[in-house]
Visitor: 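Let me give you the structure first, and then I'll get to my questions.
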Number of protein chains: 2
Amino acid sequence: MKEKELRRSMAVFPIGTVMKLTDLTARQIRYYEAQGLIQPQRNEGNRRMYSLNDIDVLLDIKDYLAEGINMAGIKHIYDMKQREKQKKQADLKRPVTDADVRRIFHDELLQQGRLQNEQHDAAPLFHKHKPL
Amino acid sequence: MKEKELRRSMAVFPIGTVMKLTDLTARQIRYYEAQGLIQPQRNEGNRRMYSLNDIDVLLDIKDYLAEGINMAGIKHIYDMKQREKQKKQADLKRPVTDADVRRIFHDELLQQGRLQNEQHDAAPLFHKHKPL
DNA sequence: TTGCTGATGTTAGGTCTTATGACATTGCAT
DNA sequence: ATGCAATGTCATAAGACCTAACATCAGCAA
């Protein structure tokens, strides 16, 4: 599985190809990058080069936007995914100590607090269409 | 399997990416195209766009050349592959008749004749390194 | 309504990449 | 030595992409 991941993270597509594969404009793709949702590589000539993973993220963003979730919400979702990934990595690398258990509990409580108070943050989580 | 084939034949890579993935020069890649070994698509701006299949072929060409086989030999190999593929397709579509058997025999005999007389053709089959 | 903000469109000027065609080079094979 | 196969190199033109700035337009707040 390691080689597959590597292939999926190889930066091989210029923005023109990504535009066709995702049906997004260059403006949108660069904007999502500016929002920190993707981090394409650059080639020697300073041109953005995207991986299959990048394309997956862009397609997900499209879906989320279509569902009415705004950038702030999408960023939140990716922050969560990031945290989950890190947690899994850590879990694989060393046994869980009592201190870990306390920390995890603490983190989770913090997380719940954040979610409940979302509307007080910089931007609302939901937007436009499909009101809940 | 149909979708996978489709993906492998999608023209998504510009020549710069292909150069890196295959470690061939643009000159070489275009030359192999001129020899009919690959048929990359063109985008609206007339730029060559390559598929994963194209890249496979290019990597194979590299190997064949490293083995000392020249263009003529490589073309021959790809002609054979082409014929095999067509034969398989045909076999799947209809039962084999006596006429088919005769034709196949005939073709194979012709093929053998060509191989034996290769040195009388335009170019020799083998080349440089690794003499047999 | 008025004004602000988020997401995207559009444009301009500059740089990088690719296309084509020609000529040069290198190594075999005759 | 000659010829051909495979590749290098160069010039010119055109296409793709970059950054930065300003424009638009819908939704929301005051």
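This structure is a prediction, so every number in the text was calculated from the model and none was measured. Within every chain, numbering begins at 1; the chains are lettered A, B, ... in the order of the sequence lines, protein sequences first and strands thereafter.
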Visitor: Tell me which residues in residues 31-52 of chain B lie within less than 4.0 Å of DNA chain D, going by non-hydrogen atoms.
Guide: B:Y31, B:Y32, B:N43, B:G45, B:R47

Visitor: Rounded to whole Å, how long is the line connecting atom CG of B:L24 with atom C1' of D:dT7?
Guide: 11 Å

Visitor: Nearest 0.5 Å, please: how far is CG in B:N53 from CD1 in B:I38?
Guide: 11.5 Å

Visitor: So does B:V57 get a backbone contact from the side chain of B:D60, meaning a donor-acceptor N/O pair under 3.5 Å?
Guide: no

Visitor: Give the rounded distance in Å between these two atoms: CG of B:N70 and C1' of C:dA29.
Guide: 12 Å

Visitor: Just to be sure I understand the geometry, which residues of residues 53-64 of chain B put a non-hydrogen atom under 4.0 Å away from DNA chain D?
Guide: none

Visitor: Heavy atom of residues 8-16 of chain B under 4.0 Å from DNA chain C: which residues?
Guide: B:P14, B:I15, B:G16

Visitor: Checking side-chain contact (heavy atoms from CB on, under 4.5 Å) against B:P40, which of B:E33, B:R30, B:R47 comes through?
Guide: B:E33

Visitor: How long is the straight-line distance from CG of A:L37 back to CG of A:D79, given to the nearest 0.5 Å?
Guide: 9.0 Å

Visitor: Enumerate donor-acceptor pairs with a distance under 3.5 Å from any side-chain N or O in residues 11-21 of chain B to protein atoms, sequence neighbours excluded.
Guide:
residue, atom, partner, partner atom, Å
B:T17, OG1, A:V12, O, 2.9
B:K20, NZ, A:E44, OE2, 2.9

Visitor: Checking B:E3 now: which residues fulfil salt bridge (Lys or Arg N to Asp or Glu O under 4.0 Å) with it, not counting sequence neighbours?
Guide: B:R7

Visitor: Please state how far atom CD1 in B:I29 lies from atom C1' in C:dT20, giving the value in whole angstrom units.
Guide: 16 Å

Visitor: Flag yes if B:I29 and B:M49 sit in one hydrophobic cluster, no otherwise; membership is Ile, Leu, Val, Met, Phe, Trp, Tyr, and two members link when side-chain heavy atoms are under 4.5 Å apart.
Guide: no

Visitor: Provide, to the nearest angstrom, the distance between the CE atom belonging to A:M71 and the P atom belonging to D:dG27.
Guide: 16 Å

Visitor: Quick one: closest heavy-atom pair of B:T22 and B:L59, and the distance?
Guide: CA-CD2, 3.9 Å

Visitor: In whole angstroms, how far is the P atom of D:dA26 from the CG atom of A:L65?
Guide: 17 Å

Visitor: To the nearest Å, give me how far apart CD1 (A:I74) and P (C:dG6) are.
Guide: 14 Å

Visitor: Atom NZ in A:K75, atom CD1 in A:I61: separation rounded to 0.5 Å?
Guide: 10.5 Å

Visitor: Compare every heavy atom of B:N70 with every heavy atom of B:L65, then report the nearest pair and how far apart it is.
Guide: CD2-CA, 4.5 Å

Visitor: Would you kindly give the CD1-to-P distance between A:I69 and C:dG6, to the nearest whole Å?
Guide: 18 Å

Visitor: Only counting residues at least two apart or in another chain, list the ones meeting side chain to side chain donor-acceptor pair (under 3.5 Å) with A:Q39.
Guide: none

Visitor: Indicate whether OP1 or OP2 belonging to D:dC18 is found under 4.0 Å from a side-chain N or O atom of A:R30.
Guide: yes

